[in-house]
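Below you'll find the structure, written out as structure tokens, and then a few comments.
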Amino acid sequence: MSDYNKKLLLGEKLEKIYLKTSEAYTREILKDKYKISKEKSLDDLIKAIKFYTNIHFWFKFKPYKATRKYGTSVNDPIYGTFNLPNEVNFLISLPFIQRMNYIKQLSFAYLIYPSATHTRLCHSIGVSELIGKYCDSLKSKGIEISNETKKACQIIGLLHDIGHGPWGHSTEQMDFLKRKGRKEKRDTAILKDYLKDSNSPIVKALEAMEEIDLDLIIKVICDKEKLGEDAFLSDMIDSPTDVDRVDYVNRDIHFTNYGLGKFDYTHFIHSANVGYYKNRKSLYYEETVSRIIDTFQDRRNILYRDVYLKPEKLAADEMLCHALYGLLDEYKILDDKTILPEILKLTDADLMYILRLFGDEYVQELIKNLLLGKVYAPVEEYTLKINGSDFDSALFKRTIDVNNYGFKLKIMIEEELWEKVVKQIPEHLDSNKPQIFTFFPEIPSEEGEMFRKMPDGSKVLVELVDTLIEYKGKIICLKDHPERKGGEKWGTIYKVYLFAPIKLMRYRNKIKEAFNEVIVSK
């Protein structure tokens, strides 16, 4: 036997030892705590999920004391060293906030960019600090913002991502109920639910701090229409150039080391002001900063193209989602409205453990390959063109259907595709579950969709950026600027992807033919 084959066998043995050890360790913990049996029943699965969620979401904590300091300073790679209010430091010390320390900001992007392992918590702390800078800048221009309002905004910045499920955006498509309309993101809806529940640990913690304006926090997140003269506060937190986007663009550039360079967020913040636009008090920017806005959007577009929507990352996302779907389908709980919300409270590692412990052979194989960095390969990519051939039109329509009706429809498409592929190469395929995955992007809503003309005469989707700027003494939308064509996300081209295990890549032409039949025939 050659040295290479010996090393290969040794590597396979080490893989088995690693996976068995981690599985055995977790099983022992669960067995001791909740008496998890070897049969792995639905009751056992629910016990395991509750075991983990109870760690992160509990109701008893010591009352907040304004005189106590829960931290001194934060050392951040983007903003340097800064201090946060005691109230924010107190919240950071609680389990439901610490949970974000165990959710990666960029999910599986670390498979491509090894240093991209930063967390939702470090991003949320950055957003909290950045919104404090916004408030200070606006106060220096005479805008009335009290210290209580500033603290409330910083708390919102810290809480804004608390609704993210395990692996963040990777599992966002796992909304098994009908999604028609898609008016609200899942993580935002979950945060609203927490704030509307007077018994949630988040509300209990906020109520324990007497100087915090809980009513303002709820209005900014849940009921913006009732903000009145404070309407501009929601723009800092939810707009095309809000603090969330400003932080994650600079932070993701830093941790991926992509070489784009950070844009000047300080100039960005200091040019912000507040004025009336269509009878609403809104946040706007000086016209001189419009070029910086373009730079910001360009960097964000590049991150979407080369990081967030990188085919290798999307393939890993699909493997995780299919593993989770397989688990829920096995236990017949795809539409269980009590279990699914609990799964969304898990961390990245929690979900991986549960999938490894309770999944069937198909699920375990997907997770094992993910843990070892063995992701599916892209078979083909298709740009969503609006006009042109019949194939493009059919694919565009199918994408809208998947957007509206969710992951179950996509599974049906993949099952039909798999049947056609199996008929062509049956001697090599023994699985009755699909091993060819699809990715359909979430395209802009009907109100926001716009088209860009391509050299071949076809059109592709782009999104307009509704940032407000000052122009000749008036506040206008950047996309309406009469002297320039800025404000569009020109770099955003929506694509559909086909993924398959590397062992099937020699049949890629047959897979593409089958996909063409499945789409065009409908």
Side-chain angles (χ1 to χ4, degrees), residues 19 22-23 26 30 40-42 44-53 56 99 102-104 106-108 111 120 163-179 185-187 189-190 313-372 374-376 402 405-415 418 431-440 442 497 499 501:
L19 293 170
S22 61
E23 181 176 335
T26 307
L30 296 176
K40 298 189 293 188
S41 66
L42 176 59
D44 288 337
L45 174 61
I46 294 172
K47 286 178 182 179
I49 292 171
K50 287 185 176 179
F51 167 75
Y52 286 116
T53 56
H56 312 301
R99 168 184 168 271
Y102 305 98
I103 297 176
K104 289 184 177 66
L106 295 182
S107 64
F108 294 104
L111 296 172
R120 287 278 159 190
H164 272 290
W167 296 98
H169 292 296
S170 294
T171 54
E172 269 190 349
Q173 60 178 312
M174 305 301 290
D175 293 327
F176 299 103
L177 302 177
K178 188 185 288 188
R179 303 175 60 221
K185 291 182 179 179
R186 186 183 70 186
D187 57 295
I190 291 172
K313 176 189 172 296
L314 294 178
D317 292 347
E318 290 300 330
M319 291 171 70
L320 176 67
C321 290
H322 282 76
L324 179 54
Y325 185 94
L327 178 77
L328 299 177
D329 187 39
E330 179 186 354
Y331 287 89
K332 311 301 179 188
I333 51 174
L334 282 171
D335 295 321
D336 193 306
K337 294 182 180 180
T338 59
I339 297 176
L340 292 178
E342 294 301 307
I343 290 176
L344 294 176
K345 294 178 181 178
L346 300 173
T347 66
D348 296 352
D350 296 342
L351 181 60
M352 288 302 210
Y353 282 141
I354 284 173
L355 290 170
R356 282 286 296 159
L357 285 170
F358 291 93
D360 58 16
E361 186 177 344
Y362 172 77
V363 170
Q364 291 195 25
E365 182 68 17
L366 286 172
I367 297 303
K368 183 192 79 170
N369 287 330
L370 266 181
L371 289 172
L372 299 172
K374 298 178 179 179
V375 299
Y376 281 22
V402 171
Y405 299 104
F407 201 80
K408 283 184 177 180
L409 176 60
K410 192 169 77 161
I411 290 292
M412 292 172 61
I413 294 171
E414 291 168 354
E415 287 175 345
W418 185 243
S431 174
N432 61 347
K433 293 188 177 181
Q435 291 186 31
I436 298 171
F437 299 158
T438 57
F439 169 78
F440 290 88
E442 187 156 339
Y497 286 95
F499 299 109

Would you call the rings of Phe437 and Tyr376 parallel, tilted or perpendicular, where under 30° means parallel and over 60° means perpendicular? parallel

Taking every heavy atom of Leu340 against every heavy atom of Leu334, the minimum-distance pair comes out as CD1-O, 3.2 Å

Between Lys433 and Asp329, is there a salt bridge with N-O shorter than 4.0 Å? no

Working for side chain to side chain contact (heavy atoms under 4.5 Å, CB included), residues Val375 and Phe108: CA-CA 10 Å; Val375 299; Phe108 294 104; over 6 Å; no

How long is the span from the CG atom in Leu324 to the CG atom in Leu355, to the nearest 0.5 Å? 6.0 Å

Kindly give the heavy-atom pair with the smallest separation between Ser107 and Asp317, and that separation in Å. OG-OD1, 3.8 Å

So does Asp360 get a backbone contact from the side chain of Glu330, meaning a donor-acceptor N/O pair under 3.5 Å? yes

Do Ser170 and Lys313 have side chains that get closer than 4.5 Å, going by heavy atoms? yes

Contact between Lys410 and Glu318 at the side-chain level, heavy atoms closer than 4.5 Å - yes or no? yes

Any heavy-atom pair between the side chains of Leu346 and Thr53 that's under 4.5 Å? yes

So do the side chains of Lys408 and Tyr325 get within less than 4.5 Å of each other, counting heavy atoms only? yes

Hey, could you give me the OG1/NE2 distance between Thr347 and His164, rounded to the nearest 0.5 Å? 15.0 Å

Could you go through the side chain to side chain contact (heavy atoms under 4.5 Å, CB included) check for Ile333 and Leu45 one step at a time? CA-CA 11 Å; Ile333 51 174; Leu45 174 61; 3.9 Å; yes

Full working for side chain to side chain contact (heavy atoms under 4.5 Å, CB included) between His322 and Ile411: CA-CA 9 Å; His322 282 76; Ile411 290 292; 3.7 Å; yes

So for atom OH, which belongs to Tyr102, do other residues, nucleotides or ligands contribute more than 12 heavy atoms lying within a distance under 6.0 Å? no

Distance in Å, Ile190 CD1 paired with Leu344 CG, rounded so as to fall on 0.5 Å steps: 4.5 Å

What is the distance from atom CG of Asp44 to atom CZ of Phe358, rounded to the nearest 0.5 Å? 5.5 Å

Would you mind reporting whether Ile354 and Ile343 have side-chain heavy atoms less than 4.5 Å apart? no

Just wondering, do Leu351 and Leu320 contact through their side chains at under 4.5 Å, heavy atoms? yes

Is there side-chain contact between Met352 and Trp167, with heavy atoms separated by less than 4.5 Å? yes

Relative to each other, are the rings of Phe439 and Tyr497 parallel, tilted or perpendicular (30° and 60° limits)? tilted

When you measure from the side chain of Thr171 to the backbone N and O of Pro166, does any donor-acceptor pair fall under 3.5 Å? yes

Please check if the side chain of Glu414 supplies one atom and the backbone of Thr438 the other of a donor-acceptor pair under 3.5 Å. yes

For the atom pair CE (Met412) and CD (Glu415), what is the distance rounded to the nearest 0.5 Å? 7.5 Å

Once rounded to the nearest 0.5 Å, what's the spacing between atom OG1 of Thr338 and atom CD1 of Ile46? 6.5 Å

Are the side chains of Tyr52 and Arg99 in touch, meaning some heavy atoms are under 4.5 Å apart? no

Closest non-hydrogen contact found for His169 with Arg120 is CD2-NH2, 3.3 Å

Tell me, with the steps shown, if Leu370 and Leu366 meet side chain to side chain contact (heavy atoms under 4.5 Å, CB included). CA-CA 6 Å; Leu370 266 181; Leu366 286 172; 5.9 Å; no

